[in-house]
Amino acid sequence: GPQTRVIDLQGRTVIPGLIDSHMHAIRAALSFSTEVNWIGAPSLVDALARIRDAARTMKPAAWLIVAGGWNVQQFKENRRPTQAELVAAAPNNPVYVQLGYGWAMLTPSAAKALNLNSEADLPAGGRFEKDAGGKPTGAVTGGQGAIIALFDRLPRPSPDQQVEGTKQFFRELNRLALTGVVDPGGNNLTPDDYQAVFKVWREGQMTVRVAYALCGQTPGSEFEELKSWTALLPIGFGDDMLRFNGLGERITAAMNNNDRPTESDKDHYYQIAKWAADRGMAITMHWGQDASVDQLLTLFERVNREVPIANLRWSIAHLNNASVRSLERMKALGVGWTVQDAMYFGGDQLVQQAGADAARRVPPVVTGSRIGVRIGAGTDAHRVASYNPFTALRWFLDGKTVGGNAIRGPEETPSRAEALRLYTAGSAWFSRDDQKRGSLEVGKLADLAVLSKDYMTVPVEQVGGIESVLTMVAGKIV
């Protein structure tokens with residue numbers, strides 16, 4: 001029509017806006033304006049420079065926190081920072097640097113502020129790391145629970161900082177061609193933590209579409225929490241920018257990363273899953289190993305016999321080594337699979353533990369697609385991975401770890417178009433709006449990105465450096 005604006009792309013490539021099917025975006029956004037970001041830093045020198053720059057620009061004595069998203073192998077030095085290096089970079093600030101869910105380094109002022117005077121002061125399961133001479137290094141190690149609990153002791157950003165962080169993080173995702181995320185809930189997320197994204201939504205300032213799940217936080221009381229939190233939240237409640245998408249990502253703490261759940265553990269999980277199915281709710285559950293996923297699939301099949309779940313868009317996240325049999329059972333149930341680039345950081349370790357042959361088929365997305373399983377791509381950012389979708393897309397295409405080792409074989413390597421579909425139409429299925437977005441078609445929402453390089457033709461090693469030069473959500477340039 002006469003009011004249509006025409007933009008000449010001058011030969012650049014335009015793609016549907018990317019959708020991450022498994023990103024902890026709400027949690028990452030809360031602290032984005034106050035964190036130091038090591039994602040993509042090529043060297044430890046560069047990472048420490050980011051600490052140094054933050055110390056100059058942030059308020060005196062402000063905490064400098066690196067919450068995750070980095071890996072030792074991304075640094076050319078191939079090592080972690082020392083406490084002395086962090087102190088030298090920010091002598092007047094408490095500094096906390098977390099690596100995944102197993103290690104965190106604190107400077108002396110940070111440890112003092114948290115009253116960590118002895119191991120008795122650490123969360124259960126935590127311990128002080130010691131060097132070869134038995135001297136503490138300044139780091140805390142332990143299981144996932146210990147590191148999560150330690151992070152919870154850090155000072156929280158103010159409500160205004162959380163709102164600002166949410167806006168900044170979504171704009172950062174826009175820069176990387178992302179127009180949507182499916183947020184699976186997760187650790188460290190209470191009802192109060194959703195207030196920042198709610199405020200941004202109310203004020204009409206969302207630049208990324210968010211479909212979010214809720215996760216019970218108190219072990220043993222998850223059912224009561226979820227019933228309370230969702231009493232007035234029917235599935236799909238919200239609008240095209242922010243929508244309630246069901247339960248995730250672990251449902252119960254007892255089944256979380258538990259390869260040998262007890263009958264009581266499974267029964268408690270079943271009660272919640274059956275209750276969710278009765279209410280038409282989606283469930284997303286993370287599961288790490290195919291050897292034990294029968295425990296979960298058997299529960300899903302039990303629920304399905306009583307309440308058909310095929311149309312509820314339940315899903316399993318991770319499951320990097322999914323077998324053909326598991327994928328066939330998922331297909332029969334209508335259960336989708338959200339796949340991340342975890343092996344970009346963890347592939348070399350997998351080769352050491354399971355051998356090169358096992359790594360060749362991880363993750364088996366070609367097999368899953370052939371069987372007919374719904375698959376969405378993503379990152380699991382930002383504690384354990386980078387949120388950059390082009391890092392993930394390059395990983396899907398070349399199977400190379402951050403250390404440069406190609407571990408996946410051609411039989412499970414998708415084409416460029418197939419990988420892009422996983423990150424667009426594939427991911428849109430998990431938020432129940434694949435009829436609205438995920439492809440550039442008449443009648444669908446105008447979510448798109450114009451790329452700095454042609455994803456379809458540039459050398460694969462350049463895919464990871466692609467950015468968006470213009471991102472549009474619902475026809476609005478964001």
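H382 and E35 share a donor-acceptor pair across their side chains, judged by distance under 3.5 Å alone. If you check the side chains of Q271 and Y269, you find no donor sitting under 3.5 Å from an acceptor. A donor-acceptor pair shorter than 3.5 Å can be found between the side chains of T471 and S468. A donor-acceptor contact closer than 3.5 angstrom is absent between the side chains of T284 and R313. There is no side-chain donor-acceptor pair under 3.5 Å between E418 and S369. The closest side-chain donor-acceptor pair between D183 and H24, if any, does not fall under 3.5 angstrom. Looking at S292 and W287, their side chains do bring a donor and an acceptor atom within 3.5 Å of each other. Remark: the N174 side chain and the T207 side chain contain an N/O donor-acceptor pair separated by less than 3.5 Å. Residues N187 and R250 have side chains that bring a donor and an acceptor to within less than 3.5 angstrom of each other. There is a side-chain donor-acceptor pair under 3.5 Å between D454 and T457.
Side chain of T262 to backbone of D265: a donor-acceptor contact under 3.5 angstrom is found. For S323 (side chain) and S326 (main-chain N/O), a donor-acceptor pair under 3.5 Å exists by modelled atom type. The backbone N or O of N388 sits nowhere less than 3.5 Å from a side-chain atom of D20 that would complete a donor-acceptor pair.
Distance CZ/R437 to CD1/I19: 4.0 Å, rounded to 0.5 Å. Rounded to the nearest 0.5 Å, atoms CD1 (I375) and OG1 (T338) are 10.5 Å apart. Here the straight-line distance linking atom CZ of R209 with atom OG of S431 works out to 9.5 Å at 0.5 Å rounding. Rounded to the nearest 0.5 angstrom, Y455 OH and T13 OG1 are separated by 11.5 Å. Here NZ of K274 is found 12.5 Å from CG of D267. Values are rounded to the nearest 0.5 Å. With values rounded to the nearest 0.5 angstrom, E222 atom CD is found 5.5 Å from H268 atom NE2.
Salt bridge status for R305 with E301: absent, with no side-chain N to carboxylate O gap under 4.0 Å. A salt bridge links D193 to R156: at least one charged side-chain nitrogen sits closer than 4.0 Å to a carboxylate oxygen. Salt-bridge annotation for R243 and D433: present, with a side-chain N of the basic residue lying under 4.0 Å from a carboxylate O of the acidic one. Salt-bridge check for R329 with D294: passed, with a basic side-chain N closer than 4.0 Å to an acidic carboxylate O. A salt bridge is defined here as a Lys NZ or Arg NE, NH1 or NH2 lying under 4.0 Å from an Asp or Glu carboxylate O, and E263 with K266 meets this definition.
Annotation for L448 and L440: closest pair CB-CD2, 4.0 Å, computed over non-hydrogen atoms. The shortest non-hydrogen separation linking L226 to I251 is CD1-O, 4.5 Å. The two residues A273 and I283 have their closest heavy-atom pair at CA-CD1, 3.7 Å. Here the closest non-hydrogen pair linking V366 and E412 is N-OE1, 3.0 Å. Minimum interatomic distance between G248 and A213 (heavy atoms only, all atoms of both residues): N-CB, 3.8 Å. Taking both residues in full, the closest heavy atoms of P157 and T34 are given as CG-OG1, 3.7 Å, listed atom of the first, atom of the second, then distance.
With a 4.5 Å cut-off on side-chain heavy atoms, T413 and F396 do not count as touching. Proximity of Q340 to T379: side-chain heavy atoms (C-beta onward) are nowhere separated by under 4.5 Å. In this structure, W337 and S315 have side chains that are not in contact, with every pair of non-hydrogen atoms separated by 4.5 Å or more. A heavy-atom distance below 4.5 Å is not found between the side chains of V463 and W395. Between D447 and M472 there is no side-chain heavy-atom pair separated by less than 4.5 Å. L178 has its side chain within reach of M23: a pair of non-hydrogen atoms, C-beta onward, lies under 4.5 Å apart.
Screening residues 356-366 for side-chain hydrogen bond (donor to acceptor under 3.5 Å, both in side chains) gives R360-E411 as the qualifying pairs, with residues at least two apart or on separate chains.
Taking a 6.0 Å sphere around NZ of K444, one finds it holds more than 12 heavy atoms contributed by other residues, nucleotides or ligands. In the displayed structure, K400 atom NZ is contacted under 6.0 Å by at most 12 heavy atoms of other residues, nucleotides or ligands. The number of heavy-atom neighbours closer than 6.0 Å to CZ of F198, taken from other residues, nucleotides and ligands shown, is above 12. Counted within 6.0 Å of CG on N311, heavy atoms from surrounding residues, nucleotides or ligands total 12 or fewer; the atom is thus considered open. Atom CD of Q289 is surrounded by 12 or fewer heavy atoms from other residues, nucleotides or ligands within 6.0 Å.
A side-chain hydrogen bond (donor to acceptor under 3.5 Å, both in side chains) with N256 holds for exactly one of Q144, H286, E249; it is H286. Of the residues W229, W275, W314, the one that meets the side-chain contact (heavy atoms from CB on, under 4.5 Å) test with L247 is W275.
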side-chain contact (heavy atoms from CB on, under 4.5 Å) between R432 and I235, worked out | CA-CA 10 Å; R432 301 185 183 219; I235 188 70; 3.8 Å; yes

Show your reasoning for whether side-chain contact (heavy atoms from CB on, under 4.5 Å) applies to V324 and T367.
-> CA-CA 7 Å; V324 170; T367 297; 4.0 Å; yes

Show your reasoning for whether side-chain contact (heavy atoms from CB on, under 4.5 Å) applies to V473 and M206.
-> CA-CA 9 Å; V473 176; M206 297 281 286; over 6 Å; no

Could you give me the CA-CA distance, side-chain angles and deciding distance for L420 and L18, then say whether side-chain contact (heavy atoms from CB on, under 4.5 Å) is met?
-> CA-CA 8 Å; L420 184 60; L18 300 178; 3.7 Å; yes

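Within the 6.0 Å centre-distance limit, the rings of H22 and H318 are counted as a close aromatic pair.
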Side-chain donor-acceptor contacts of residues 341-352 below 3.5 Å, not counting sequence neighbours, with atom names and distances?
unit_1: Y344; atom_1: OH; unit_2: R394; atom_2: NH2; d: 3.3
unit_1: D348; atom_1: OD1; unit_2: T401; atom_2: OG1; d: 3.3
unit_1: D348; atom_1: OD1; unit_2: N405; atom_2: ND2; d: 2.9
unit_1: D348; atom_1: OD2; unit_2: Q73; atom_2: NE2; d: 3.0
unit_1: D348; atom_1: OD2; unit_2: T401; atom_2: OG1; d: 3.0

Counting only pairs under 3.5 Å, give me each side-chain donor-acceptor contact of residues 166-173, with atom names and distances, residues two or more places apart or in other chains.
unit_1: T166; atom_1: OG1; unit_2: Q162; atom_2: O; d: 2.8
unit_1: K167; atom_1: NZ; unit_2: Q205; atom_2: OE1; d: 2.8
unit_1: Q168; atom_1: NE2; unit_2: E164; atom_2: OE2; d: 3.1
unit_1: R171; atom_1: NH1; unit_2: V478; atom_2: O; d: 2.3
unit_1: E172; atom_1: OE1; unit_2: R175; atom_2: NE; d: 3.0
unit_1: E172; atom_1: OE2; unit_2: R175; atom_2: NH2; d: 2.9
unit_1: E172; atom_1: OE2; unit_2: Y387; atom_2: OH; d: 2.7

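Ring pair W70/W38 is perpendicular by interplanar angle, where above 60° counts as perpendicular and below 30° as parallel.
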